[in-house]
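Here is how names work: the chains are called A, B, and so on, in the same order as the sequence lines, proteins then strands, and each is numbered from 1.
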Number of protein chains: 2
Amino acid sequence: MSRRTYGQYCAMARALDVLGERWTLLIVRELLTGPKRFKDLLEGLPGIGTNLLAARLKDLEGEGVLRRTTLPPPAGSAVYQLTERGRDLEPVLMGLARWGVDQLGEPHTGEAFRPVWAVQAMKATMGPEAARWVRETYEFHVGEDVFHVRVDDGVSEPEYGPAFEPDLVLRTDGDTFLSLVSGRLEATDAIEAGKLRVEGDPEALARVSDIFGPPVGARRSGTGLGAS
Amino acid sequence: MSRRTYGQYCAMARALDVLGERWTLLIVRELLTGPKRFKDLLEGLPGIGTNLLAARLKDLEGEGVLRRTTLPPPAGSAVYQLTERGRDLEPVLMGLARWGVDQLGEPHTGEAFRPVWAVQAMKATMGPEAARWVRETYEFHVGEDVFHVRVDDGVSEPEYGPAFEPDLVLRTDGDTFLSLVSGRLEATDAIEAGKLRVEGDPEALARVSDIFGPPVGARRSGTGLGAS
DNA sequence: CGGAATCCTCTTCGATACTG
DNA sequence: CAGTATCGAAGAGGATTCCG
């Protein structure tokens with residue numbers, strides 16, 4: 001029962017008492033892109049085991065990080081959703097993403113990959129100069145996954161599910177998407193090869209590949225906290 | 001043996017593969033205030049156990065987060081020191097601190113407390129308006145601990161050990177220090193009560209209590225990442 | 001004495017099977 | 001579909017011992 005704590009009167013240790021256990025922060029990552037059902041979470045956290053997920057969700061609900069709610073009709077399914085306190089964790093996750101991209105390298109064989117993860121990493125590493133003046137929504141269909149990204153003046157907000165009125169809709173498969181975001185493949189080439197289909201403003205395609213083309217626009221860009 | 005990984009091609013998951021195990025980020029926290037010996041780390045991480053600390057240090061050295069070096073004479077002792085890649089983790093720790101202060105509350109009985117932790121939390125929660133125009137160094141002697149804080153135009157940098165040319169030297173005990181930073185006690189009252197001794201510019205004392213007085217100047221201040 | 005390997009007990013994790 | 005129950009395997013915590 002008794003949650004294990006560090007027993008330190010320290011802000012970071014207290015945060016880690018809540019968030020430091022295995023899988024916990026990845027659950028938050030999943031919920032950053034919108035509410036999810038138990039099943040969806042299992043999908044996004046391969047290897048977690050149902051008992052552990054259930055336990056973590058219960059803990060996190062107790063800590064006020066997420067809430068168990070029922071989606072409005074017609075869906076009506078039970079979902080887990082971040083509270084405001086949970087969404088406050090976004091900067092932490094983005095910081096981890098910024099640190100993690102540098103040692104991402106090539107995908108290992110057998111490694112799981114979900115397209116949204118890439119978009120979340122983009123968001124983290126995007127400098128304020130990228131996508132400036134742009135205010136558009138892109139909808140992605142990557143294999144079975146459907147998600148969209150709202151870009152608004154230098155900030156991108158990835159979210160699960162279809163968009164309301166997307167300016168551009170892109171359809172591709174997981175491998176092609178990975179090649180695109182890692183810069184190994186150009187969008188125009190992918191279209192010619194029949195690996196990518198696009199609907200919407202053709203000029204928007206230029207912008208979207210500009211924003212999401214190279215995986216990291218500017219490595220070691222400002223941390224914003226003046227690390228020595 | 002085999003380090004446990006999430007097996008996900010995701011920047012955050014990769015970061016957590018390296019940092020997500022118990023104690024790891026707290027080791028980084030300790031090293032953010034300067035190089036430390038094995039013994040010093042044990043002191044700052046009550047409950048860790050020598051075997052685990054040794055294992056973590058080896059892992060982190062392998063990951064390029066820290067380096068085992070020998071201090072220049074006359075010290076000549078072996079110390080652990082963050083690499084640049086390790087110092088890049090500061091924003092992550094600061095983010096955790098900002099999130100953690102909100103649920104810090106009153107110190108639990110039996111909970112460990114090291115004065116530097118408080119100063120690190122201050123740094124994390126300090127808004128850019130605080131300590132603007134200030135460029136001073138304060139040296140703290142709290143019980144056995146000696147550390148200093150360099151304040152430079154809105155940014156504070158806590159570090160272990162004495163300062164080179166401190167503008168102010170403060171001497172007190174752990175409990176009094178905790179009362180001071182939590183705002184339960186005013187510096188002037190502490191001096192009158194003989195609990196705090198100060199050497200240096202008297203005007204600097206006003207500034208230092210202004211900067212480090214209330215534990216959190218402005219809660220929920222900007223996260224700098226535009227969390228929804 | 002600082003630094004680290006060894007042993008042992010206990011908790012947590014991971015996978016599967018099972019139930020409302 | 002959403003979770004609980006179970007059990008072997010891995011990891012953590014604490015003390016002790018070893019190396020320099």
Side-chain angles (χ1 to χ4, degrees), chain A residues 1-8 13 16-27 30-31 35-62 66-71 73-81 110-112 144, chain B residues 1-8 13 16-27 30-31 35-62 66-71 73-81 110-112 144:
Chain A
M1 260 290 99
S2 65
R3 287 181 59 79
R4 188 189 287 182
T5 82
Y6 287 110
Q8 302 185 355
L16 290 169
D17 282 341
V18 177
L19 309 166
E21 279 160 312
R22 198 164 158 73
W23 294 109
T24 304
L25 279 171
L26 292 187
I27 293 172
E30 288 301 303
L31 295 178
K36 291 217 169 31
R37 291 172 305 173
F38 194 88
K39 173 88 175 301
D40 303 325
L41 289 169
L42 280 176
E43 193 100 351
L45 302 165
I48 191 178
T50 57
N51 57 343
L52 201 46
L53 178 54
R56 291 284 183 273
L57 289 171
K58 204 165 286 178
D59 281 353
L60 286 174
E61 189 172 13
L66 55 82
R67 201 179 317 148
R68 195 175 181 282
T69 53
T70 310
L71 234 46
S77 47
V79 295
Y80 297 89
Q81 181 172 29
E111 214 167 32
E144 301 288 287
Chain B
M1 262 283 109
S2 64
R3 285 183 60 79
R4 187 192 288 182
T5 84
Y6 287 110
Q8 301 186 355
L16 289 169
D17 281 342
V18 177
L19 309 167
E21 280 160 311
R22 199 166 158 74
W23 294 109
T24 304
L25 278 171
L26 292 187
I27 293 172
E30 288 300 303
L31 295 178
K36 293 217 167 35
R37 290 170 304 171
F38 194 88
K39 174 87 175 299
D40 302 325
L41 289 169
L42 280 177
E43 193 99 351
L45 302 165
I48 190 178
T50 59
N51 54 347
L52 200 46
L53 178 55
R56 292 284 183 274
L57 288 171
K58 203 166 286 178
D59 281 354
L60 287 174
E61 188 172 14
L66 56 82
R67 200 178 318 150
R68 194 176 183 284
T69 53
T70 309
L71 234 49
S77 48
V79 294
Y80 297 88
Q81 181 173 30
E111 214 166 32
E144 301 288 289

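- Atom-to-atom, CZ of A:Arg56 to C1' of D:dT4 comes out at 16 Å; the value is rounded to the nearest Å.
- In terms of position on DNA chain D, the residue among B:Gly47 and A:Ala54 whose nearest nucleotide sits closer to the 5' end is A:Ala54.
- Distances shown here put a side-chain N or O of A:Trp23 below 4.0 Å from the OP1 or OP2 atom of C:dG14.
- Residue A:Leu16 holds its CG atom at 8.0 Å from CG of A:Leu25, rounded to the nearest 0.5 Å.
- Listed pair A:Lys58 / D:dT4 meets the phosphate criterion, a side-chain N or O lying under 4.0 Å from OP1 or OP2.
- Here A:Tyr6 does not reach the OP1 or OP2 of D:dG13: none of its side-chain N or O atoms lies under 4.0 Å away.
- Put simply, CG on A:Leu45 is 13 Å from P on C:dA15, counting in whole angstrom units.
- Between the CG atom of A:Asp40 and the C1' atom of D:dC1 there is a distance of 11 Å, rounded to whole Å.
- With rounding to the nearest 0.5 Å, the separation of CG in A:Leu53 from CD1 in A:Ile48 is 4.5 Å.
- Within the 4.5 Å cutoff, no side-chain heavy atoms of B:Thr24 are placed close to those of B:Val18.
- Across the protein-nucleic acid pair, B:Asp59 atom CG and C:dA4 atom C1' stand 14 Å apart, rounded to whole Å.
- Within the cation-pi definition used here (under 6.0 Å to the ring centroid, within 45° of the axis), B:Arg22 qualifies as a partner of A:Tyr6.
- Within the helix from C:dC1-D:dG20 to C:dT19-D:dA2, the inter-axis angle between the opening and closing five-pair segments is 30°, rounded to 10°.
- Checking D:dG11, C:dG3, D:dA2 against the side-chain heavy atoms of B:Arg4 singles out D:dG11 as nearest.
- Atom CD in A:Gln81 sits 4.5 Å away from atom OG1 in A:Thr69 (nearest 0.5 Å).
- When the side-chain nitrogen and oxygen atoms of B:Lys39 are compared with OP1 and OP2 of C:dG2, one or more of them lie within a distance under 4.0 Å.
- Regarding B:Ile27, its CD1 atom lies at a distance of 11 Å from the P atom of D:dA12, rounded to whole Å.
- Below the 3.5 angstrom threshold, one finds no donor paired with an acceptor across the side chain of A:Thr50 and the base of D:dA2.
- Which of C:dC13, D:dA2, C:dA4 sits closest to the side chain of A:Glu21 comes down to C:dC13.
- For B:Arg68, taking side-chain heavy atoms from C-beta onward, the closest of the listed nucleotides C:dA4, D:dA2, D:dA12 is C:dA4.
- Side chain B:Asn51 to base D:dG14: a donor-acceptor pair is found below 3.5 Å.
- In terms of position on DNA chain D, the residue among B:Leu52 and A:Ala55 whose nearest nucleotide sits closer to the 5' end is A:Ala55.
- Atoms CD and CG, from B:Glu30 and B:Leu66 in turn, are 13.0 Å apart once rounded to the nearest 0.5 Å.
- Rounded to whole angstrom, the span from the CG atom of A:Leu60 across to the P atom of D:dG3 amounts to 14 Å.
- Between B:Arg4 and B:Asp17, the shortest heavy-atom contact is O-OD1, 4.3 Å.
- Rounded to an integer number of Å, the gap from B:Leu42 CG to C:dA5 P is 13 Å.
- Close to D:dG13, at under 4.0 Å from its OP1 or OP2, lies a side-chain N or O of B:Arg22.
- Remark: P of C:dT12 and CG of A:Leu53 are 18 Å apart, rounded to the nearest angstrom.
- Using a 4.5 Å cut-off on side-chain heavy atoms (C-beta onward), A:Phe38 and A:Leu57 make contact.
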